[in-house]
Amino acid sequence: MTDYNQFKKQILELTGIDLNAYKERQMKRRINTLSAKYGFQDYEAFFQDLKRNTEHRKQFMNYLTINVSEFYRNPAQWQTLETKILPELIRGSYGTLKIWSAACSTGDEPYTIIMLLKEKFPEVKVRLTATDLDDKVIAYAREGCYSRKSIAGLPKEYVDRYFVKQPNGMYQISKEIINCVDFRQHNLLADRYDTSYDLIVCRNVLIYFTEEAKLEVFKRFHTSLKPGGYLFIGSTEQILQAREIHFEPKYSFFYKKNPL
């Protein structure tokens with residue numbers, strides 16, 4: 001395969017996805033695998049197919065995203081959210097929290113947040129928006145049906161209260177929880193960001209971005225948060241220039257927005 005740079009330009013024009021923002025070796029490997037699956041040996045032929053075939057183009061866009069998620073992933077971090085972050089945010093929120101679960105994948109994390117709030121802070125109102133680039137995982141999240149493995153890390157009382165085991169062995173989350181989350185398709189690298197969030201959760205996604213793209217996303221997250229709001233990132237991530245972009249590391253994987 002040749003001329004990957006030209007392919008990146010063409011994909012940007014066709015889909016709005018900037019492949020330059022992703023780590024090249026990982027992304028090329030994924031693209032080459034998909035191209036070979038469709039029977040193409042060079043980028044130009046693959047691009048022409050994506051241009052003509054809307055179903056292949058949709059599959060390509062969904063394939064670019066890496067969807068790995070589970071309920072209550074890294075329990076110690078959720079304990080910090082419960083005991084440190086949420087009480088602080090609630091004190092300054094006048095009873096309503098605005099939360100964004102960015103790159104939410106199959107919905108495990110936004111649903112975990114809602115269950116946590118219902119269990120520990122039932123008096124608090126919440127407006128939770130969950131977004132992802134992949135429309136297939138958003139559709140999956142809206143259905144709210146998960147395997148036993150996906151929910152294995154959840155406290156037992158959450159499973160007992162909010163899930164019903166189905167005849168096929170899957171676990172259906174209650175409508176009470178599903179109705180609290182507004183799922184939308186969103187491109188972190190291209191689309192506009194809403195503002196005035198108390199909390200933004202974006203975990204284990206930006207590791208696939210270049211350092212330049214990560215820094216730009218972190219800056220945009222900062223703008224989207226209220227003063228004193230928090231960004232919650234993944235256990236494999238850190239903000240190397242946190243203080244330069246006015247984030248204060250408060251707890252492991254939690255960064256507080258300082259005023260500019």
Side-chain angles (χ1 to χ4, degrees), residues 65-91 93-132 134-186 194 197-205 229-235 251 253-254:
T65 61
I66 295 96
N67 295 302
V68 179
S69 189
E70 62 189 57
F71 286 85
Y72 219 66
R73 188 176 186 179
N74 309 116
Q77 295 169 28
W78 290 97
Q79 286 292 316
T80 300
L81 181 67
E82 175 189 332
T83 60
K84 306 288 187 184
I85 306 300
L86 287 175
E88 179 182 337
L89 292 176
I90 290 166
R91 285 194 295 271
S93 69
Y94 305 103
T96 300
L97 291 177
K98 184 178 179 182
I99 300 174
W100 177 17
S101 176
C104 68
S105 188
T106 50
D108 311 43
E109 287 178 352
Y111 286 145
T112 299
I113 294 168
I114 294 296
M115 288 186 286
L116 174 59
L117 285 166
K118 283 189 175 294
E119 287 295 301
K120 306 299 181 181
F121 309 96
E123 74 286 356
V124 175
K125 296 178 182 177
V126 61
R127 293 165 55 202
L128 197 157
T129 301
T131 65
D132 201 276
D134 186 341
D135 61 349
K136 286 186 177 179
V137 297
I138 290 174
Y140 185 97
R142 287 192 180 115
E143 290 297 318
C145 199
Y146 298 92
S147 68
R148 178 65 198 173
K149 181 180 178 182
S150 293
I151 65 172
L154 272 174
K156 184 177 184 298
E157 60 267 28
Y158 287 25
V159 177
D160 292 344
R161 190 162 298 148
Y162 298 114
F163 290 84
V164 175
K165 188 174 183 179
Q166 304 299 295
N168 62 1
M170 299 290 279
Y171 287 76
Q172 176 66 53
I173 199 166
S174 72
K175 289 293 184 185
E176 175 191 5
I177 302 300
I178 291 174
N179 292 340
C180 290
V181 182
D182 178 17
F183 287 100
R184 304 177 189 175
Q185 191 172 21
H186 182 269
D194 198 3
Y197 287 108
D198 296 285
L199 173 68
I200 296 174
V201 181
C202 186
R203 306 174 73 215
N204 306 307
V205 174
Y230 277 90
L231 173 63
F232 179 15
I233 64 174
S235 57
Y251 308 97
F253 316 111
F254 290 92

Nearest 0.5 angstrom please: Tyr111 OH to Cys104 SG, how far? 9.0 Å
Name the orientation class of the two ring planes belonging to Phe254 and Phe232 (parallel below 30°, tilted from 30 to 60°, perpendicular beyond 60°). parallel
Looking at Ser150 and Asp108, what are the two nearest heavy atoms and their distance? CB-OD2, 4.3 Å
Side-chain heavy-atom pair Glu123, Phe121 within 4.5 angstrom cut-off: yes
Which pair of non-hydrogen atoms, one from Thr96 and one from Arg127, has the smallest distance, and what is that distance? CG2-CD, 4.4 Å
Can you find a heavy atom in the side chain of Lys118 that is under 4.5 Å from one in the side chain of Cys180? yes
Mind listing the closest non-hydrogen atom pair of Leu128 and Pro110 along with its distance? CD2-CB, 3.6 Å
Please report the interatomic distance CZ(Arg142) to CG(Asp135), rounded to the nearest 0.5 Å. 9.0 Å
More than 12 heavy atoms of other residues, nucleotides or ligands under 6.0 Å from CD of Gln79: yes or no? yes
side-chain contact (heavy atoms from CB on, under 4.5 Å) for Lys120 and Leu81? Distances and angles first, verdict last. CA-CA 11 Å; Lys120 306 299 181 181; Leu81 181 67; over 6 Å; no
Consider side-chain hydrogen bond (donor to acceptor under 3.5 Å, both in side chains). Of Asp194, Thr131, Thr129, which one does Trp100 pass it with? Thr131
Sequence neighbours left out, what passes side chain to side chain donor-acceptor pair (under 3.5 Å) with Lys175? Give chain and number order. none
Could you tell me the separation between the CZ atom of Phe183 and the CD1 atom of Ile138, rounded to the nearest 0.5 Å? 8.5 Å
Residue pair Ile85, Trp78: steps toward the side-chain contact (heavy atoms from CB on, under 4.5 Å) verdict: CA-CA 10 Å; Ile85 306 300; Trp78 290 97; over 6 Å; no
Heavy-atom closest pair (Gln172 atom, Glu143 atom, distance to 0.1 Å) is NE2-O, 2.8 Å
Got Leu86 and Leu97 here, is their nearest side-chain heavy-atom distance under 4.5 Å? yes
Hey, which of Ile99, Val126, Leu231 is the one that makes side chain to side chain contact (heavy atoms under 4.5 Å, CB included) with Leu199? Ile99
Would you say the ring centers of Tyr230 and Tyr197 fall short of 6.0 Å from each other? no
Spacing of Glu109 atom CD and Arg203 atom CZ [to the nearest 0.5 Å]: 4.5 Å
Please test Arg148 against Val159 for side-chain contact (heavy atoms from CB on, under 4.5 Å), starting from the C-alpha separation and ending with a verdict. CA-CA 10 Å; Arg148 178 65 198 173; Val159 177; 4.1 Å; yes
Starting at CD1 of Ile114, measure out to CG of Asn179 and round the result to the nearest 0.5 Å. 10.5 Å
Separation between CG (Leu116) and CG (Leu154), nearest 0.5 Å, reads 10.5 Å
How far apart are the closest heavy atoms of Val205 and Ala103, and which atoms are they? CG2-CB, 3.4 Å
Listed partners of Asn168 passing side-chain contact (heavy atoms from CB on, under 4.5 Å), at least two apart: Gln166, Met170
Please, which pairs that meet ring pair (Phe, Tyr, Trp, His ring centres under 6.0 Å) have at least one residue in residues 153-172, sequence neighbours excluded? Phe71-Phe163
